[in-house]
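Have a look at the structure below before the remarks.
Residues take their numbers from the sequence shown, with the count starting at 1. Atoms considered below: every heavy atom in the structure, side chains included; atoms not considered: hydrogens, waters and symmetry mates. Keep in mind that what you see is a predicted model, and the values were worked out from it rather than measured.
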Amino acid sequence: MTILDKPASEGAAADERRVPRDRALRGESGAANVFSHGFLLLWGLLTVLPLLWMFISSFKSDVEILADPWGLPGALRFENWARAWTEAHIGRYFLNSAIVVAGSLTLTMLLGAAAAYVFARYEFRGRQIAYYLFVGGMMFPVFLALVPLFFVVRNAGLFGTWTGLILVYAAYSLPFTVFFLTAFFRTLPTTVAEAALIDGCGHFRLFFRVMLPMARPGMISIAIFNFLSQWNQFILPQVLMQGDDSKWVLAQGLTALAVSQGYQGDYSGLFAGLTIATLPVLVVYVIFQRQVQSGLTAGQLK
């Protein structure tokens with residue numbers, strides 16, 4: 001008897017054995033989905049609730065914060081924000097951070113994109129060695145280089161300056177930027193670049209006019225990661241921007257505010273300052289959330 005001549009009773013028995021197995025697999029996947037969704041919900045609550053509590057507390061008075069920390073404010077006291085912006089100099093620190101991050105992010109993206117494009121598209125002697133030297137920078141945490149970095153910046157005459165901080169920010173952001181963008185440039189089609197070269201486009205124009213626009217999703221994604229990292233940086237400005245507080249960045253200003261307002265009991269001003277510092281990060285993430293997702297998946301889709 002061949003397989004085609006198998007009796008109907010044997011086929012029915014096989015189907016009956018397959019049904020419990022399929023039900024068991026569906027049950028296991030359903031339990032896994034419930035667990036994963038529950039874990040993600042718990043993680044979301046642990047992330048959102050402290051930020052929401054901080055935002056609500058920034059509109060309360062000090063009495064309301066101490067007497068009813070979990071309640072809603074009796075009125076929206078925007079004077080807390082104004083006091084943190086002017087008297088605690090959060091506005092000045094905010095502007096300093098914006099200047100430093102704008103300069104370091106521009107330098108990081110320009111140098112990182114150029115280096116990544118060369119590593120991904122050109123063959124030359126020592127290319128792999130140079131690439132691994134760049135990428136190897138991700139293995140060293142910033143704490144290991146603080147002491148030599150302090151002396152290098154001081155000997156270069158850049159200690160306590162925004163220029164020194166911008167250069168250090170860019171240097172520490174380059175390894176991951178080169179690593180990410182090199183993989184992204186390799187996914188771009190070579191036919192477009194070859195056609196541009198045949199039409200007389202030079203390598204310089206090819207990079208800025210053709211390849212960079214095509215790499216826009218990846219550029220946006222890595223720019224957002226670098227922005228978040230540099231905006232929230234604390235240890236580097238704490239070491240390299242000592243002395244004149246008029247040049248402090250936001251992380252240093254918030255530390256000083258937490259100490260001073262803690263002694264003065266001005267908790268409403270402290271919460272207002274923390275909220276002001278957090279808002280740019282939240283705004284950037286909300287606006288560019290889809291670009292980040294598309295940039296991270298673009299290399300897999302092409």
Side-chain angles (χ1 to χ4, degrees), residues 30-102 105 223-238 241 245-293:
N33 288 333
V34 171
F35 176 78
S36 61
H37 284 78
F39 178 78
L40 292 176
L41 178 62
L42 179 62
W43 181 264
L45 292 176
L46 292 176
T47 303
V48 173
L49 289 180
L51 297 176
L52 183 61
W53 178 69
M54 177 186 67
F55 179 75
I56 293 175
S57 299
S58 67
F59 294 102
K60 292 183 178 181
S61 64
D62 294 330
V63 176
E64 289 177 332
I65 292 175
L66 296 175
D68 188 14
W70 307 112
L72 296 176
L76 297 179
R77 295 176 175 84
F78 289 99
E79 61 269 17
N80 297 338
W81 290 50
R83 189 170 65 256
W85 186 265
T86 56
E87 297 180 10
H89 308 295
I90 292 297
R92 183 174 64 192
Y93 301 142
F94 191 98
L95 179 60
N96 294 346
S97 289
I99 294 173
V100 171
V101 172
L105 189 61
I224 292 174
F225 283 122
N226 286 330
F227 169 80
L228 297 179
S229 174
Q230 296 172 5
W231 184 267
N232 296 322
Q233 183 61 246
F234 172 73
I235 188 63
L236 287 177
Q238 195 71 12
M241 292 293 293
D245 60 352
S246 63
K247 295 183 179 180
W248 284 1
V249 296
L250 195 55
Q252 295 173 280
L254 287 177
T255 304
L257 177 64
V259 175
S260 61
Q261 302 300 72
Y263 284 112
Q264 296 175 8
D266 189 5
Y267 299 106
S268 57
L270 176 59
F271 281 116
L274 293 173
T275 305
I276 293 173
T278 308
L279 281 179
V281 177
L282 296 178
V283 170
V284 167
Y285 179 76
V286 170
I287 294 177
F288 296 101
Q289 180 181 7
R290 292 187 177 180
Q291 285 83 349
V292 173
Q293 295 176 354

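Put simply, NZ on Lys60 and CZ on Arg77 are 10.0 Å apart, with the number rounded to the nearest 0.5 Å. The line from CG of Asp62 to CG of Asn80 is 7.5 Å long, rounded to the nearest 0.5 Å. Atom NE2 of His89 is separated from atom CG of Leu95 by 14.0 Å, given to the nearest 0.5 angstrom. Expressed to the nearest 0.5 Å, how far CZ of Phe94 lies from CG of Leu250 amounts to 7.0 Å. Phe271 CZ to Ile276 CD1: the interatomic distance, rounded to the nearest 0.5 Å, is 14.0 Å.
Across all their heavy atoms, Gly273 and Ala84 have their closest contact at N-CB, 3.8 Å. Counting all heavy atoms, side chain and backbone alike, Asn232 lies closest to Leu228 at ND2-O, 3.0 Å. Summarising the geometry of Ala277 relative to Trp231, their closest heavy-atom pair is O-NE1, 3.3 Å, with the distance given to 0.1 Å. The nearest pair of heavy atoms linking Leu257 to Ala88 is CD1-CB, 3.4 Å. Between Gly253 and Trp248, the closest heavy-atom pair is N-CE3, 4.4 Å. When every heavy atom of Leu105 is checked against every heavy atom of Phe227, the shortest pair comes out as CD1-N, 4.0 Å.
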Side chain to side chain contact (heavy atoms under 4.5 Å, CB included) between Ile90 and Leu254, intermediate numbers included: CA-CA 8 Å; Ile90 292 297; Leu254 287 177; 4.0 Å; yes

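A donor-acceptor pair under 3.5 Å is formed between the side chain of Gln252 and the backbone N or O of Met241.
Looking at heavy atoms from C-beta onward, Phe234 lies in side-chain contact with Thr255 at the 4.5 angstrom threshold. The shortest distance between side-chain heavy atoms of Ser268 and Glu79 does not fall below 4.5 Å.
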For residues 40-58, which side-chain N or O atoms pair as donor and acceptor with protein atoms under 3.5 Å away, sequence neighbours left out?
from	atom 1	to	atom 2	distance (Å)
Thr47	OG1	Trp43	O	2.9
Trp53	NE1	Pro69	O	2.8
Ser57	OG	Trp53	O	2.8
Ser58	OG	Phe55	O	2.5
Ser58	OG	Trp81	NE1	3.3

